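Encoded as C-alpha cells, the structure appears first; notes follow it.
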Amino acid sequence: MEPSRTTSLRALLNRALLLAVAALALRLLYGAFLAVSAAANASSLYPPAAVTAAARRTHVQADVPSPEAWRTRQWRRAVDYHAALLADHLAQGILAPPSRAVCLGGAQEALAMRELGVAAALAVQKKPSPPLVVAGDDRRLPFKPNSVDFVFAGRALDSAKRPADLAAEAARILKPHAHLVLLTSSAADAYSLRSLQALLPSLRLLRSRHINAHDSASTLRELLFQKLHADDTPTSSTAGTSPSNNCSIGEHKLQLLTQAEPLIQEEPLKPWITLKRNINNIKYLPALADISFKRRYVYVDVGARSYGSSIGGWFRKHYPKQNHTFQVYAIEADPAFHAEYSVKKGVTLLPYAAWVKNETLKFEINGDPGKEDEAKANGRGMGRIRPAVGNKMSGEVRSVPAFDFAEWLRQTVTEQDYVVMKMDVEGTEFELIPRMFDTGAICLVDELFLECHYNRWQKCCPGERSPKYENTYEECLDLFSSLRESGVLVHQWW
C-alpha cells in the first residue's frame, strides 16, 4: 500500500474517532441537563427529602420485586404523594431513617418511606407480599408490644370494619413516646374527633391539620398522636370497671346541644297530639355528627314492652344508623312480652324492672289514660313499679325482680361505645335519672329519648288530669333541662 494512501486512511479514522467522542460528550451533557431540570422541577413539588428520594428510586425499586400493579402510573403517584407527606415528619424528627416504621395502609406508603431512607418500613395487609408487606389484620398486628417507633395509619381507620380494634393494636405496638399519624375524612366535627381520641386513651393528640387528599379534589384531616408513658396514661373506663361519678361537659357535647330542637316550655293542652307532632322536630345525633369512631353501637330500650312497640316499630326502621349494626337490649318486666323476644335476632332481653338497686318489687299492670287503644292492641295495660305510698291503683299486681340499672349500664358499656337509649318507665324516671347522675352512668349515654310521665290532661275526660302520676309538667321540664345542662342530648318522647 502506498504511504500516501495509508496516511489518508489513518487521518480518516482519527476524524471518525473524534466525532464519536464528541457525540458521546454531547449526549452526556444533555443527560446531565435533563437530570438537573428534573431535580429543579421536583424541588418545586416536594420537600428536599422527597427530592433525595426521587434520586434513589431506581436503586430502591430494584431491591423491591413487586406485582405489576405496583408499576402503574397511579401507583407511582400514590408513592410520590405519601413521600411528600412523610418527608415533613422526617424533617421534624418524628420519623427517622433508623425508625422501625409500620404502615397500616397500602404498600405505597411503605415504599415511600423506604425511598425517604427508612429502610425498615413495612406495610400490613391481609395477604403478605415480601419484602414490603407482611400479613396481619385489625385484631392482631404481627409486632410485639412497645416495639415500633412510628405508625402511619393513613386512612386505615376510615375503612376498617373494627376501627376500635385497629386503633388499640396501633397503640399496643408503639413504643412509649413514639408517634402515630393518621389521615381521616371523618373527625371533622368535635364529637367525631372526641370519639376517635377515646379509642386511643394511651395516646395524646399533638397536632391536627387539614391537607389535600391524594386526588386533590377533597381535604383530609391529619392527626399526630404521641404514646404516653405508662405512668402518664390517664385512667379510662372500660367494661367491667367503674368510671368516675363526675360528668364533664366536653366541647363535643356542647356543639351538639346548640343544634338540638328546643324543649316545649309550655304545658300542652293536648299532649297526645303535641308530643306526637314534635317527633318531626327531633334532631338525631347521627344527623348532626359522624359516629364512625366507636367500638360498639348499642340501643337500650328501657320499658320495651312488645318488640313492635319501639325496637321493631321505630328504632330499626327510622333511627339514622349510618350503616352501623346495633346490639339491642330490651328491658321489660312484664312476662306477657317475654316470649316473642326469644326469636328476635340481635336482641338481648333483660326480664327485669329497671330500678335503683337489686331487689324484688311489686309491678302493676294498669291501663294508661290516653293510651287505651295501644293497650287494647297489645292485650295489656302499661306496667309500672307500684309506689309504696300514694294513690292506690287498680289492676293486676305481681312480684318481679328489679336490678340496679345505672350499675348495669356502667358494667356493660364504655365511653368508646355509642349508646342510644329510650326510656318509658311510667314515672320511675324520677328515680332512675338521679341515680344515673349519682353514679356517672349518665355520661355513657350519647342520645336519650325520654317519655316523662306527669299528671297531664286526659284525652278521655276534658278538664281532668290523670290521677296515675303525681309529678307535674314543670318537674318534667326540670328533668329535661338538667339532662341537657349536663351535656346529654335528650329528646321529649311520647
Side-chain angles (χ1 to χ4, degrees), residues 137-141 153 156-172 182 184 186-187 189 191-203 235-244 247 250 252-253 256 284-302 304 310-312 314-316 318-331 341 344-350 354 403 405-423 436 439-449 487-489:
D137 57 40
D138 296 356
R139 292 187 170 183
R140 193 65 183 176
L141 297 177
L157 264 68
D158 283 1
S159 57
K161 292 183 178 180
R162 303 179 183 87
D165 292 341
L166 186 58
E169 277 295 279
R172 179 185 66 84
L182 64 86
T184 176
S186 300
D189 58 88
Y191 180 88
S192 177
L193 179 58
R194 181 65 185 86
S195 299
L196 176 56
Q197 289 179 272
L199 296 182
L200 299 162
S202 62
L203 276 66
T235 57
S236 61
S237 61
T238 56
T241 62
S242 297
S244 169
C247 286
H252 63 299
K253 292 183 177 180
L256 291 175
Y284 295 99
L285 195 157
L288 304 175
D290 188 344
I291 63 172
S292 298
F293 294 122
K294 288 293 184 177
R295 183 173 66 96
R296 291 187 305 158
Y297 299 85
V298 180
Y299 175 58
V300 183
D301 195 330
V302 192
S310 174
I311 298 172
W314 167 70
F315 180 76
R316 285 188 162 171
H318 303 294
Y319 187 80
K321 305 176 187 66
Q322 293 186 4
N323 294 322
H324 297 294
T325 300
F326 279 71
Q327 181 177 357
V328 178
Y329 290 94
I331 301 175
Y341 284 104
K344 300 300 180 182
K345 295 182 179 180
V347 180
T348 300
L349 173 67
L350 278 67
F403 70 110
F405 172 70
E407 190 59 32
W408 170 84
L409 189 66
R410 291 184 352 135
Q411 298 296 324
T412 304
V413 301
T414 76
E415 185 189 0
Q416 294 182 348
D417 298 323
Y418 181 76
V419 180
V420 182
M421 182 181 297
K422 187 227 76 180
M423 182 178 289
M436 293 176 70
T439 60
I442 197 67
C443 299
L444 302 173
V445 180
D446 293 275
E447 189 165 23
L448 174 60
F449 298 85
V488 180
L489 182 61

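Keep in mind that this is a model prediction, so the values were computed, not measured. These values consider heavy atoms only, across backbone and side chains, with no hydrogens, waters or symmetry-generated copies.
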Ring-face cation contact, Phe315 with Lys321, 6.0 Å cut, 45° max:
yes

Check whether any side-chain heavy atom of Leu199 lies under 4.5 Å from a side-chain heavy atom of Gln416, and answer yes or no.
yes

Lys294 and Pro163 have their tightest heavy-atom pair at O-CG, 4.4 Å

Quick check against the 3.5 Å criterion: does Arg194 have a side-chain atom that pairs as donor or acceptor with the backbone of Lys253?
no

Restricting to side chain to side chain donor-acceptor pair (under 3.5 Å), what partner residues turn up for Arg162, sequence neighbours left out?
none

Going by salt bridge (charged side-chain N to carboxylate O under 4.0 Å, His left out), name the residues that satisfy it together with Asp417, two or more places apart in sequence or in a different chain.
Arg295, Arg296

Quick one: list whatever passes salt bridge (charged side-chain N to carboxylate O under 4.0 Å, His left out) with Arg140, sequence neighbours left out.
none

Using the side chain to side chain contact (heavy atoms under 4.5 Å, CB included) criterion, which residues pair with His324? Sequence neighbours excluded.
Ile291, Ser292, Tyr297, Gln322, Phe326

Pairwise distance OH(Tyr191) to CG(Leu285) - rounded to 0.5 angstrom
5.0 Å

Going by the rule side chain to side chain donor-acceptor pair (under 3.5 Å), which residues pair with Ser310 if we only count those two or more places apart in sequence or in a different chain?
Tyr299, Asp301

Go through Lys344 and Ile311 one step at a time and tell me if the side chain to side chain contact (heavy atoms under 4.5 Å, CB included) criterion holds.
CA-CA 10 Å; Lys344 300 300 180 182; Ile311 298 172; over 6 Å; no

Got a sec, which residues hit side chain to side chain contact (heavy atoms under 4.5 Å, CB included) with Ala171, two or more places apart in sequence or on another chain?
Leu200, Ser202, Leu203

Smallest heavy-atom separation, Leu444 atom then Arg410 atom, equals CD1-CA, 3.8 Å

